[in-house]
Participant: 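Below: one structure in structure tokens.
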Amino acid sequence: MEIMSEPARKIEPKTIRERLEANERVTLSPYAQLSERTKGRKVPEPQCDLRPVFQHDRDKIIHSKAFRRLAGKTQVFLAPAGDHYRTRMTHTLEVAQFARSVTSFLGLNEMLTEAIVMGHDLGHTPFGHAGEKVLAHLMPNGFHHVKQSIRVVEQLERDGVGLNLTEEVRDGILKHSKGKGQIFSDNPNLTAMTLEGQIVRIADIAAYVNHDFDDARRAGLVKDAEMPDVVVKELGQTHGERLDTLVRALVEESRFDEKRMIRMADGPLQALYALRDFLYEKVYETKSVRAEFDKAQRILEELYKHFLTHGDEFRATHWPAGTRPEEGLERAVADFLCGMTDRFAIRTYEQLRVPRPFAVV
Ligand code: MG
């Protein structure tokens, strides 16, 4: 007797989200982080019927107040008067553009990449790294923008509820920063758990060294002719050529078979380091840029000390809704300060320190 085996039943997607998740299974690389395989959120919440999880996370971040404030925060040049200088917001968008290009060329999950990028700099202080430095000096346990970005998404946003993002997005935000350190690392503490997160780490530096050079040129601090030879030779003559080379260098060198690692050929990688070193020397640490940073640091330092010595007033008027009372006044002041835009910090300082003309009624 012939035994009829039951034909494999095809599960029809019921919702738009399920259809999009099914598309990911068919169209993305086997090494992509699929939305349906997420490790999930700290607090389980019902899935959206339209959006896969990482798309949902991207939307949560874009609708956050911390995200909108990126428009008013320094990238390199303080509260720039020129309309064409980058802010943290335009930096974030340029990182997204670079990272999404690489992600799509490698067949990985663009929505995850975009969510990580949108959140990666949410914890930056006003006045860029100058602000970060002064808080690191003042806070008893130090301060780092990456930890603050995580604090923003986990706790400070939505008046203390947090955004409840997926583990993959939080991990990508946490592992994006390298400062003056190595871009690629075998240290698992520095390497994102997803390839999408690894892409963001390199997209961040690829974007900023290129756009900071462009802004420094606009400010008259450097000239095109000063670009280090190795950068021109390896990456190209123009801003566009250099970004194109970097995207290709990542797409061509990343190998997923033996090791799941995003990689870049050595020539372009060394050029990237050379451009970063050049910017530290000629831009980030030069006198004219530092002079403004010193003023900015004084503003933050004075505000910090003022609020600490006027604790009752601070508790009544400025205590951030997301800072828990048991975390203490210093933590609350730091949360308040690093949420500020450049202009808000300057205005608050003026209100406290600069006498206002007597109003005539
Ligand atoms: Mg960044």
Side-chain angles (χ1 to χ4, degrees), residues 57-58 61-62 64 66-78 80 85-103 112-133 135-136 143-153 165 169-185 190-192 194 196-216 239 242-243 246-247 250 262 264 272-273 275-277 279-280 283-284 289 293 338-342:
D57 278 4
R58 189 269 322 260
I61 295 168
I62 288 183
S64 70
F67 183 77
R68 293 200 289 281
R69 292 196 301 264
L70 293 175
K73 293 190 180 199
T74 287
Q75 175 60 28
V76 173
F77 299 96
L78 293 188
Y85 288 99
R86 272 73 174 186
T87 63
R88 286 263 161 226
M89 174 74 81
T90 55
H91 160 69
T92 298
L93 297 178
E94 289 185 42
V95 177
Q97 181 264 342
F98 186 98
R100 284 190 63 165
S101 299
V102 174
T103 304
L112 171 56
T113 298
E114 192 181 8
I116 297 170
V117 173
M118 293 302 164
H120 86 284
D121 271 352
L122 292 181
H124 262 295
T125 60
F127 312 130
H129 289 283
E132 181 168 19
K133 243 185 189 170
L135 278 184
F143 178 89
H144 196 280
H145 76 269
V146 173
K147 285 191 186 152
Q148 190 68 18
S149 293
I150 291 292
R151 192 169 158 78
V152 168
V153 299
L165 302 177
V169 174
R170 282 183 289 124
D171 171 81
I173 294 173
L174 191 61
K175 313 271 178 64
H176 85 268
S177 179
K178 57 255 127 220
K180 282 188 190 175
Q182 294 297 309
I183 297 171
F184 298 109
S185 165
L190 302 175
T191 307
T194 62
E196 290 83 353
Q198 292 179 31
I199 290 172
V200 175
R201 184 176 164 94
I202 181 141
D204 184 30
I205 183 172
Y208 86 70
V209 291
N210 281 292
H211 66 51
D212 287 354
F213 181 87
D214 186 49
D215 277 356
H239 183 78
R242 291 192 280 271
L243 288 173
L246 286 166
V247 168
L250 281 168
I262 297 296
M264 180 184 273
L272 208 50
Y273 285 133
L275 185 48
R276 180 175 66 179
D277 292 346
L279 287 167
Y280 269 97
V283 181
Y284 306 144
V289 172
F293 280 173
C338 69
M340 291 177 169
T341 59
D342 295 5

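Whatever order the structure lists them in is the order used to number ligands and atoms, beginning at 1.
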Participant: Can you tell me if, anywhere in H120, an N/O/S atom lies at a distance from the Mg ion (ligand 1) that is smaller than 2.8 Å?
Facilitator: yes
Participant: Cationic tip of R242 within the cone over F213's six-membered ring, i.e. under 6.0 Å and within 45° of the normal?
Facilitator: yes
Participant: Consider side chain to side chain donor-acceptor pair (under 3.5 Å). Of E132, H129, H120, which one does H145 pass it with?
Facilitator: E132
Participant: Closer than 4.0 angstrom, basic N to acidic O: yes or no for D214 and R86?
Facilitator: yes
Participant: Using 0.5 Å steps for rounding, measure from the CZ atom of R88 to the CG atom of D342.
Facilitator: 9.5 Å
Participant: Could you confirm whether H124 has any N/O/S atom lying under 2.8 Å from the Mg ion (ligand 1)?
Facilitator: no
Participant: Nearest 10°: the angle subtended at the Mg ion (ligand 1) by D204 OD1 and H91 NE2?
Facilitator: 80°
Participant: With the Mg ion (ligand 1) as the reference point, give the N/O/S atom of D121 that is nearest.
Facilitator: OD2
